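Right, one structure below, let's go through it.
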Amino acid sequence: MAQELMTANYAATAEQINTGALLLGAGLALTSMILVPALAMRLGLSASLSGVLRIALMKASNRATAVKPVVVDQQRLLRWL
C-alpha cells in the first residue's frame, strides 16, 4: 500500500515537471510565431534574420518539451521502495 502511494506521488511530481516544460515550450513557440515577426517588422529587420530568430526559438521550444530520461538515482529509489 505504501509503495503504491509513493509511486503515485512520484508520478504526480513527474507530471508537474512536464507541465512546466510544456508551458515553456508553448511560450517559446508563441513568441516565435507572433512576437518575432511583429518586432522584426517594427524594427525593420530583414526576412532572413527574423526567420533565423524564429527557427532558433522553435528549436528551443522543442528542446524544452523533449522527454528527459529518468535519472539513475530516481530509478534506484523506486527499486528500493
Side-chain angles (χ1 to χ4, degrees):
M1 177 85 171
Q3 261 183 332
E4 293 172 2
L5 290 176
M6 291 296 287
T7 305
N9 189 20
Y10 177 77
T13 303
E15 286 179 7
Q16 289 173 353
I17 292 170
N18 290 339
T19 303
L22 288 175
L23 287 174
L24 177 62
L28 289 171
L30 182 68
T31 301
S32 72
M33 296 182 127
I34 295 175
L35 294 179
V36 169
L39 288 174
M41 189 173 74
R42 176 96 170 151
L43 297 174
L45 297 177
S46 66
S48 60
L49 184 57
S50 64
V52 167
L53 290 173
R54 289 181 69 191
I55 290 170
L57 284 172
M58 290 303 282
K59 284 185 177 182
S61 171
N62 189 26
R63 287 186 191 132
T65 58
V67 176
K68 296 178 177 97
V70 177
V71 179
V72 175
D73 291 337
Q74 291 173 348
Q75 290 174 348
R76 287 182 189 155
L77 178 64
L78 286 176
R79 285 185 201 143
W80 182 73
L81 296 174

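Reckoned from all heavy atoms, side chains included, excluding hydrogens, waters and symmetry mates. Only a predicted model underlies this, so the values are computations on that prediction, with no experimental measurement involved. Counting from 1, the numbers follow the sequence of the chain as shown.
Under the 4.5 Å side-chain heavy-atom criterion for Ile, Leu, Val, Met, Phe, Trp and Tyr, Leu28 and Leu53 are members of the same hydrophobic cluster. By the rule that hydrophobic residues join a cluster once side-chain heavy atoms approach within less than 4.5 Å of another member, Met41 and Ile34 end up as members of separate clusters. Leu24 is connected to Val36 through a chain of hydrophobic side-chain contacts under 4.5 Å among Ile, Leu, Val, Met, Phe, Trp and Tyr, so both are in one cluster.
Considering all non-hydrogen atoms of both residues, Arg54 and Met33 come closest at NH2-CA, 4.1 Å. Contact detail for Ala47 and Ser50: the closest heavy-atom pair is O-OG, 3.0 Å.
For residues 27-47, every residue pair satisfying the side chain to side chain donor-acceptor pair (under 3.5 Å) rule, not counting sequence neighbours, is listed here: Ser46-Ser48.
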